[in-house]
Amino acid sequence: MENETQMTEQQSYLQQHLMSIPELEVGQIVTGTVVQTNDESVLVDIGYKSEGKIPVDEFMELPKLGDKVAVTIVKLDDGRGQVVVSKKRAEAKERAEILRKAAEDRSPVLGKFVKVIKGGYEVDLGADYKGFCPLSKADVVRVEEPESLIGKTDYFVIDKFHAGTKLKSVVSRREYLEKKIKENKEAFFKTVQIGDVVQGEVKSFTSFGAFIDLGGFDGLLHINDMSWGHVTRPKDFVKKGQIVQLRLINIDPETQKINLSLKHMTPDPWTTFEDRYQVGDVVKRPVTKITSFGVFIELEPGIEGLAHISELSWTKRVTNPKELVSIGDVVEAKILGYDLDKKRVSLGLKQLQENPWDTIVERYPVGKVVKGPVVKVTQSGAFINLEDGIDGFLHIDDISWTKKIKSMEQFCKEGDVVEVAISRVEPENRRIRLSVKQLEGNPWNTLKKDYPRFSTITGTISSVADFGVFVKVLGDIEGLISKYNLVGPDEEYTDAVLESYKSKIGEPITAMVIDINPQAQKLSLSIKEMVKRSQESEMAKYMADTKEEEDTYNPFADMLKASKEDN
């Protein structure tokens, strides 16, 4: 009975207490102070002589005693005299108001891409509110890889807000970005001046340079503005995604064009080039690039010189500079010239080596006999290596005085070692002519000396042509008896005469030398002239014999002789 009386008194007290705090209402948001914490709940003094209990799982981090916490009144009595409150509901209610107001004002709110769904993304707007962002409204550019945005936090504009837990709110990040880009661009054009240093992110590359993101809008870093030196690949100077400091060199508000420069971040080294370099200077620098026409060598950052392919070696026929150097090699080169207006420097590697052509005449005088391997055979002759980098040329006409060589391969092939004589040296043209036939005496000169004009010579019929008969004489020299010179002066030429010689090939024949031209290597023979001169010789002899007989006849002497005999 006593216990029942006590319970009745407690309930009566509780009712009176609750009636004494009419200000508290279910759903009301109040601010409380943390007065106690344990592993299960947090006790918050919400005033009005009341305390509320909040489950620990509603907190990201356990609060400290005295911390202020906003909560929503869920129940005025949990049956034990405590008010039931929820921090989570308070946050949701506050967030709902913020989101509703943002939707009305079209002001941006923070959100996070959490999931790719059909047609777009699920976006966490905070306090368990979700929004749907269509793929077309996720960015100002086409999103090639939807997964790339998952986890990204940014601002969104709410197109339509729904306070429930279902995914009915529609948001747009694109609208926020476009507005932000417009503001950034307007501020950029109003505040910057040519010569200012700006910061941006390398966005993309083209063949003529790179585009730099300056805050949603692009500036161009042209290939010519990347370095004071020669540039062929923009990617050698900046990398995609790299944050770079650049100088503004041109801006046009009307066309919205922005030109940036990397090279103008440092002084132009060409303006002081002559303070450091002169023609004839020898430098030792790295090879930075190799092309089909030469080698680029970096003298210093921003200044590259070109060693043309013709300036790499005195002797080697360089077809590809990579045969001699590689990128990164440190080489010695001589400055041959420069053009500050065109920002060009000419370099030479071979100038630091001895030029073998300077002493070529002394080392290879005309007439000197040498041996060397055949390195190349052409239709007109063969190249023969005399020493490293120096070849001489043996023309097909310089092989024999008498034989007609139709193909160079009849005489030699690559790799053969050939003995030759130096016939001509041209240092200025870097040419050496060689000869095989000069290793022996010229048989034409010997023939001309031994067989002057109108002397007779015996040879062998070697061939018959439509225009005459070829006769091979001493030294394998071939002479020609024209078909009209095959018969004597009193005989008449017919085709049958020439035809008859075809059966005599290989037989001996004697003819008269009409002309010998060693230079043209021509020997003209004649049977007609030989017969004619033979006839003239016989007639002259006959006349001489007759005259002698006439000179010895003396009548007076005969009479005197007869008179003596008579006596």
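Being a predicted model, the structure only gives us computed values, none of them experimental.
The salt bridge (charged side-chain N to carboxylate O under 4.0 Å, His left out) check on Arg344 picks up nothing, with sequence neighbours excluded. By the salt bridge (charged side-chain N to carboxylate O under 4.0 Å, His left out) test, Arg533 pairs with Glu529, sequence neighbours left out. Remark: Lys203 pairs with Asp218 by the salt bridge (charged side-chain N to carboxylate O under 4.0 Å, His left out) rule, at least two apart or across chains. Considering only residues two or more places apart in sequence or on other chains, Arg247 meets the salt bridge (charged side-chain N to carboxylate O under 4.0 Å, His left out) condition with none of them.
Under the salt bridge (charged side-chain N to carboxylate O under 4.0 Å, His left out) criterion, the residue pairs touching residues 274-302 are Arg276-Glu300, with sequence neighbours excluded.
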Extract all donor-acceptor atom pairs below 3.5 Å that involve side chains of residues 135-146 and protein atoms in other chains or at least two apart in sequence.
unit_1 : atom_1 : unit_2 : atom_2 : d
Lys137 : NZ     : Asp159 : OD2    : 3.1

Intermediate values then yes/no, side-chain contact (heavy atoms from CB on, under 4.5 Å), Leu523 and Tyr451: CA-CA 11 Å; Leu523 170 61; Tyr451 294 88; over 6 Å; no
Derivation of the ring pair (Phe, Tyr, Trp, His ring centres under 6.0 Å) call for Phe188 and Phe217: CA-CA 10 Å; Phe188 184 87; Phe217 57 97; 5.3 Å; yes
side-chain hydrogen bond (donor to acceptor under 3.5 Å, both in side chains) assessment of Glu304 paired with Thr288: CA-CA 8 Å; Glu304 285 183 330; Thr288 54; 2.7 Å; yes
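Both the sub-6.0 Å distance and the 45° axial angle are satisfied by Lys368 relative to the ring of Tyr364. Relative to the six-membered ring of Tyr484, Lys528 misses at least one condition, a distance below 6.0 Å or an angle of at most 45° to the axis.
Under the 4.5 Å side-chain criterion, counting only non-hydrogen atoms from C-beta, Leu246 is not in contact with Val197. Between Phe296 and Thr291 there is a side-chain heavy-atom pair separated by less than 4.5 Å. Side-chain contact between Trp228 and Thr266: present, with at least one pair of heavy atoms (C-beta onward) separated by less than 4.5 Å. Side chains of Arg431 and Phe393 form no contact here, defined as non-hydrogen atoms less than 4.5 Å apart. Contact of the Leu260 side chain with the Ile249 side chain is not registered, since no non-hydrogen atoms from C-beta on lie closer than 4.5 Å.
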